[in-house]
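Single-structure report; data block below.
Source: prediction; values computed, not measured.
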Amino acid sequence: MTAIMTRPLSSSTDALLRFALRLDATLTGAAGLAGAAFADPLSTLTGLSPTTEYLLGAAFVAYGLVVYSLAALTDLRRVGIGVSIANVICTVATLVIVLADAAPLTGSGIAATLATGVYTAFFAYLQYLGVRRLRA
C-alpha cells in the first residue's frame, strides 16, 4: 500500500500571500470589468471622461490577469514584494491625485479615489504580511 504524504494546512507558509494575491487580482479585475462596462454612467458620477473610465477599467482587468497569473508561481517572494510595492505606489498616487487636485473629480469621484487608496493600502499590508510568513 502506498502512503500518501500530505502536510497540514498550518505548515503552509505561502497560503496567506497566495490568497491575498488572488483576491486582489479577482476583485480588481471584476471592478475593472464593471468600470469598463459602465464607463459612460461612471464618468458623470466621478467627473472623469468616459474614455478615462474605460482605460482605467481596462488597466484594472489587465492588472488582475497579470497578478492572478503570477500568484501561480512556485516562488512568491519577489512577486509578493513587487505587488505589495505596486499597491503602496497606487495608494500614494490616489492621495496625490486628490490633494493636488490633479483630476476634475466630483465629490463622488474623490470618495471613489480615496476608497481605491484604502483598498490598495489594505492589500499592500495583507501581501506584506504574506511575504513575512514565507520561509527564508
Side-chain angles (χ1 to χ4, degrees):
M1 174 173 235
T2 305
I4 298 175
M5 299 296 291
T6 61
R7 63 182 180 165
L9 289 176
S10 60
S11 70
S12 174
T13 60
D14 68 349
L16 176 61
L17 179 57
R18 200 171 301 276
F19 172 76
L21 290 170
R22 287 181 175 157
L23 184 62
D24 183 14
T26 302
L27 293 177
T28 303
L33 282 174
F38 300 106
D40 196 34
L42 278 176
S43 68
T44 59
L45 189 65
T46 63
L48 299 173
S49 71
T51 304
T52 303
E53 290 288 350
Y54 180 79
L55 291 174
L56 281 172
F60 286 176
V61 169
Y63 170 88
L65 291 171
V66 168
V67 172
Y68 201 89
S69 298
L70 290 174
L73 294 175
T74 306
D75 183 22
L76 287 180
R77 182 172 300 281
R78 285 190 208 149
V79 172
I81 292 169
V83 173
S84 183
I85 289 171
N87 276 325
V88 168
I89 291 169
C90 285
T91 300
V92 171
T94 60
L95 292 173
V96 168
I97 288 168
V98 169
L99 294 176
D101 202 21
L105 297 172
T106 63
S108 298
I110 291 171
T113 303
L114 292 176
T116 301
V118 170
Y119 170 89
T120 56
F122 170 75
F123 274 102
Y125 179 67
L126 196 60
Q127 290 153 357
Y128 166 77
L129 291 177
V131 168
R132 288 199 40 147
R133 285 184 56 183
L134 293 176
R135 289 191 199 123

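Residues Phe19 and Tyr125 share a single hydrophobic cluster, defined by chaining ILVMFWY side chains whose heavy atoms lie under 4.5 Å apart. Hydrophobic clustering (side-chain heavy atoms under 4.5 Å, transitive across Ile, Leu, Val, Met, Phe, Trp, Tyr) keeps Val88 apart from Leu17. Using a 4.5 Å cut-off between side-chain heavy atoms of Ile, Leu, Val, Met, Phe, Trp and Tyr, with links allowed through other members, Leu27 and Val61 fall into different hydrophobic clusters. Following chains of ILVMFWY side-chain contacts shorter than 4.5 Å, one can reach Leu48 starting from Val98, so the two form part of one hydrophobic cluster. Placement of Val79 and Ile89 within a single hydrophobic cluster is found when ILVMFWY residues are connected by side-chain heavy-atom separations under 4.5 Å, directly or transitively.
In this structure, the side chains of Tyr119 and Thr28 come closer than 4.5 Å at one or more pairs of heavy atoms. The closest side-chain heavy-atom distance from Leu76 to Arg18 is below 4.5 Å. With contacts defined as side-chain heavy-atom distances shorter than 4.5 Å, the pair Ile81/Arg77 qualifies. Using a 4.5 Å heavy-atom threshold, the side chains of Leu70 and Leu21 count as separate. Residues Leu126 and Leu16 are in side-chain contact: their nearest non-hydrogen atoms beyond the backbone lie under 4.5 Å apart. At a threshold of 4.5 Å between non-hydrogen side-chain atoms, the residues Thr46 and Thr52 do not count as touching.
Taking CD1 of Ile97 as the start and CG of Leu114 as the end, the distance is 10.0 Å to the nearest 0.5 Å. To the nearest 0.5 angstrom, Leu129 atom CG is 9.0 Å from Ser84 atom OG. Considering CG of Leu99 and OG1 of Thr113, their distance stands at 11.0 Å, rounded to 0.5 Å. For the atom pair CG of Asp40 and OG of Ser49, the computed distance is 10.0 Å after rounding to the nearest 0.5 Å.
Thr74 meets the side-chain contact (heavy atoms from CB on, under 4.5 Å) test with no other residue; sequence neighbours excluded.
Here side-chain hydrogen bond (donor to acceptor under 3.5 Å, both in side chains) pairs that include residues 91-101, with residues two or more places apart or in two chains, are Thr91-Thr120.
Contact record, Ala25 with Tyr68: CB-N, 3.5 Å, taken as the closest heavy-atom pair. Scanning both residues, Phe60 and Gly32, for their nearest heavy atoms gives CB-CA, 3.6 Å. When every heavy atom of Ala71 is checked against every heavy atom of Arg22, the shortest pair comes out as CB-CG, 3.7 Å.
In summary, the side chains of Asp24 and Tyr63 do present a donor paired with an acceptor at a separation below 3.5 Å, with no hydrogens or angles considered.
Among Thr26, Val83, Leu23, the single residue meeting the side-chain contact (heavy atoms from CB on, under 4.5 Å) criterion with Val67 is Val83.
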